[in-house]
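Below is one structure, written out as structure tokens; comments come after it.
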Amino acid sequence: MTHIHDNIRQIEALIADACGRANRSPQTVTLLAVSKQQSVADVLTALDCGIRHFGENRLEEAVEKIAAVNSQAPYRPTWHMIGTIQSRKAKLTLPLFDVIQTVDRLKLAEKLSELASASQRIVPIMLEVNISGEASKQGFNAYQWQTRPELKAVLWQELEAILALPNLEIRGLMTMAPHYEDAERTRPVFAALAELREVLRQRFNSPLPDLSMGMSNDFPIAIEEGATIVRIGRAIFANTHP
Ligand SMILES: *Cc1c(COP(=O)(O)O)cnc(C)c1O
């Protein structure tokens, strides 16, 4: 079998180890393969190894790849949008994806709700949150949210508005952590997202079952902090990974 097969088995073992440390069942963690920049053949190989969730971040690339994979695959995978969505492209994005993980502003949520209503579909979405405060990161600003009441007020107001929109199912929160050589340094970011989810669950009486966090370099730590979806690209598809 290919390196993709070996990589996936290795990642699954690491997921199981992390779940063991966190006292969780490995079934509570979904391995999402980030297939951006990967070929249709490699996506089909990953599918053959049991992967059922894929993530794409660019509409132009996803259009062709998703059609090709869906037509050739024995099982239709679940496609997650994990890239920034321009409002004017929302209409093209929505029909391609099963889950939109990168809802990073109220306006986009409103647009998606409108489009979902028009197509009589309930669309699962996740709210992208900027926990680290990095200017390069998208998402609702939640930098140091625990100690900033005025920021919390804005965030709560926006979330309340989104939860009231029709035809959207708010699955939970998604974040991109900063890239650190020492992955342990990402732990506070993951912990802050998990804590935010907990507070929002109670405040809005909404289940928010998912936490999408952790990538190739830091997914075991994200799982220890509660990730239910890990988004992994390089560690699955690269021939040698760090
Ligand atoms: C590329 C990407 C990933 C995967 O990153 P790797 O380091 O290759 O695992 C995860 N999430 C998002 C949003 C991405 O753009």
Side-chain angles (χ1 to χ4, degrees), residues 3-15 18 29-39 42-43 45-46 49 51-63 65-66 77-86 89 93 96-105 108 124-140 142 171-187 189-190 193-194 210-242:
H3 65 279
I4 294 175
H5 178 270
D6 294 340
N7 288 345
I8 289 172
R9 293 298 167 256
Q10 198 176 347
I11 291 163
E12 285 171 343
L14 292 171
I15 289 175
V29 178
T30 296
L31 172 53
L32 182 158
V34 176
S35 49
K36 67 184 184 202
Q37 294 166 18
Q38 307 300 334
S39 67
D42 283 354
V43 173
T45 300
C49 298
I51 301 288
R52 293 291 176 269
H53 293 260
F54 291 89
E56 287 285 332
N57 69 337
R58 296 166 129 253
L59 181 62
E60 293 73 16
E61 183 185 339
V63 170
K65 199 186 297 175
I66 291 176
T78 299
W79 292 98
H80 297 245
M81 177 56 174
I82 59 166
T84 305
I85 303 167
Q86 295 168 274
K89 302 237 175 110
T93 305
L96 279 179
F97 291 93
D98 304 290
V99 183
I100 310 279
Q101 288 206 9
T102 37
V103 176
D104 58 0
R105 55 199 190 275
L108 178 62
I125 67 162
M126 306 191 68
L127 305 177
E128 181 171 6
V129 178
N130 183 348
I131 290 280
S132 67
E134 287 174 294
S136 62
K137 295 281 191 285
Q138 306 290 325
F140 292 93
R171 295 287 310 172
L173 307 180
M174 176 270 197
T175 202
M176 297 260 294
H179 182 87
Y180 295 124
E181 279 311 310
D182 175 10
E184 190 57 44
R185 288 182 63 196
T186 56
R187 191 182 293 280
V189 173
F190 298 143
L193 190 75
D210 282 320
L211 275 180
S212 174
M213 56 188 196
M215 318 201 314
S216 291
N217 59 316
D218 52 23
F219 68 88
I221 292 168
I223 290 169
E224 288 173 20
E225 297 300 327
T228 66
I229 300 173
V230 290
R231 309 181 309 267
I232 301 185
R234 286 169 301 138
I236 290 179
F237 293 104
N239 221 325
T240 51
H241 65 86

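Atoms within a ligand are numbered from 1 in the order they appear, just like the ligands themselves.
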Output a table of donor-acceptor pairs, distance under 3.5 Å, between side-chain atoms of residues 174-183 and any protein atom two or more places apart or on a different chain; print 'none' if there are none.
from, atom 1, to, atom 2, distance (Å)
T175, OG1, V129, O, 2.6
H179, ND1, N217, ND2, 3.3
D182, OD1, E184, N, 3.2

Which protein residues have a heavy atom under 4.0 Å from ligand 1?
-> V34, K36, I82, M174, M176, M215, S216, R231, I232, G233, R234
Whether S216 side chain and I232 backbone form a donor-acceptor pair below 3.5 Å | no
Aromatic centroids of F54 and W79 separated by under 6.0 Å | yes
If only atom types and distance count, is the side chain of N130 paired as donor or acceptor with the main-chain N or O of K137 below 3.5 Å?
-> yes
So, the side chain of H53 versus the backbone of A33: is there a donor-acceptor pair under 3.5 Å, distance only?
-> no
Any sub-3.5 Å donor-acceptor pair from K65's side-chain atoms to S35's backbone N or O?
-> yes
